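See structure below.
In this text the structure is predicted, and so the values were computed from the model without any measurement.
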Amino acid sequence: MSNAIKDLMAGTAGGIAQVLVGQPFDIVKVRMQTSAKGTYSGMLHCAGGILKNEGPLAFYKGTLTPLLGIGVCVSIQFGVLEYAKRIFTAQNLARGEGGEEGKMLGGGQLVIAGVAAGLANGVVSGPVEHIRIRLQTQSNTNPMYKGPFDAMKQIVSQHGIAGLFKGQAVTFLREATGYGVYFLAYEKLVQREMTQKGIRRDQINPMNSVLYGATAGYALWAVIYPIDMIKSRMQTDGFTPSTGQKYTSARDCVRKVWRTEGISAFTRGLGPTLIRSPFANGATFLGFEMASRLLYS
């Protein structure tokens, strides 16, 4: 089995762990991001309303799409990241840099690897998250879509393949910016422990992988949250003026939200995100590292 296949499989394990842990928090975040100002007084009000009106299973509404899609997305992230790291490692060895095996990559190398991973991931995460958000925000009593495949079928039939990629430019911006920071933070923490303790990567305590993943997750959201809010608005907006389109572009969305709702709108839903982040991202890296150890052993 090639290294690339092993990395993709380990990434899939991380993605599945991320979805199962993070989905309930994510639906609360999306509802708060896309609701009108004043709809919810806070995270608990939103979560309580979902539980009361839609039942506990509503917290996993639209889970099939991310379970399949995010598994693929995270698989792509780690596959591209590890491939880029191997290229930089070979360059370091040729230059006599990066330690004995050339694996101690510099900050710039890690950012480039993370940006590449984010852009590759964005090709899949854009339509996956679009479908998920449509399902998460639709009416529970009179739903427009029966499920993810019905949503894809309706959107493609009415708006073409391009309809699935609504909000894609913002998605690419979010992924490139976020994952450059995300993987830089995680890999530097891993390097720090390996250097201080004189150990190999596979000797790091699994709980430290969770801790470093949680830290990387906070770094990611600190950078991308306002971008993510705009993405959510774009992906729940109507496709045409006749179907309730509010925003003609991402720039138009930023301008209108700022003017009508103020700067606080750009951080609405941040609470559940910050609670979700350490669990979901810790689970992601734990899943990846444990699967990698198994596959490379």
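Taken from OH in Y145 to CD in Q138, the straight-line distance is 7.5 Å, to the nearest 0.5 Å. Atom CG of residue N205 and atom CD of residue E193 lie 7.5 Å apart, to the nearest 0.5 angstrom. Note that the CG atom of L164 and the CZ atom of R134 stand 10.5 Å from one another [nearest 0.5 Å]. Expressed to the nearest 0.5 Å, how far OG of S292 lies from CZ of R201 amounts to 7.5 Å. Atom CD1 in I263 sits 7.5 Å away from atom CZ in F266 (nearest 0.5 Å). Within the model, atoms OH of Y296 and CG of N3 stand 3.5 Å from one another, a figure rounded to the nearest 0.5 Å.
T267 places no side-chain N or O within donor-acceptor distance of the main-chain N or O of L270, the cut-off being under 3.5 Å. Under a 3.5 Å cut-off, the side chain of Q154 and the backbone N or O of A151 do not form any donor-acceptor pair. The closest donor-acceptor contact from the side chain of Y225 to the backbone of R268 lies under 3.5 Å. Using modelled atom types, no side-chain atom of H159 and backbone atom of I155 make a donor-acceptor pair closer than 3.5 Å. Under a 3.5 Å cut-off, the side chain of Y218 and the backbone N or O of S277 do not form any donor-acceptor pair.
Here K166 does not pair with E129 in a salt bridge; the nearest charged N to carboxylate O distance is not below 4.0 Å. Between D7 and K85, no side-chain nitrogen of the basic residue sits less than 4.0 Å from a carboxylate oxygen of the acidic one, so the salt-bridge criterion is not met. The residues K256 and E261 are annotated as not salt-bridged, no charged nitrogen and carboxylate oxygen being separated by less than 4.0 angstrom.
Shown here is Q196, whose CD atom has more than 12 heavy atoms of other residues, nucleotides or ligands within 6.0 Å. When the shell of 6.0 Å around NZ of K6 is examined, it contains more than 12 heavy atoms from other residues, nucleotides or ligands. Heavy-atom contacts from other residues, nucleotides or ligands closer than 6.0 Å to CE of M194 number more than 12.
E101 and N92 share no donor-acceptor pair across their side chains, judged by distance under 3.5 Å alone.
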Donor-acceptor pairs under 3.5 angstrom involving side-chain atoms of residues 112-127: please list them, not counting sequence neighbours.
residue : atom : partner : partner atom : Å
N121    : ND2  : E175    : OE2          : 2.5
S125    : OG   : N121    : O            : 3.3
S125    : OG   : E175    : OE2          : 2.7

Output a table of donor-acceptor pairs, distance under 3.5 Å, between side-chain atoms of residues 241-248 and any protein atom two or more places apart or on a different chain; print 'none' if there are none.
residue : atom : partner : partner atom : Å
S242    : OG   : T240    : OG1          : 2.9
T243    : OG1  : F239    : N            : 3.1
T243    : OG1  : T240    : N            : 3.0
T243    : OG1  : T240    : O            : 3.0
T243    : OG1  : T240    : OG1          : 3.2
Q245    : NE2  : Y247    : O            : 3.2
Y247    : OH   : R233    : NH1          : 3.3
T248    : OG1  : D252    : OD2          : 3.4

- Message: Apply side chain to side chain contact (heavy atoms under 4.5 Å, CB included) to residues F78 and F183 and explain how you reach the verdict.
- Response: CA-CA 10 Å; F78 281 103; F183 288 118; 3.7 Å; yes
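Considering only heavy atoms from C-beta on, V181 stays 4.5 Å or farther from L220 through its side chain.
Scored by the salt bridge (charged side-chain N to carboxylate O under 4.0 Å, His left out) test, D228 finds K29, R174 as partners (sequence neighbours excluded).
Below 30°, between 30° and 60°, or above 60°: for Y182 and F285 the angle between ring planes is between 30° and 60°, a tilted geometry.
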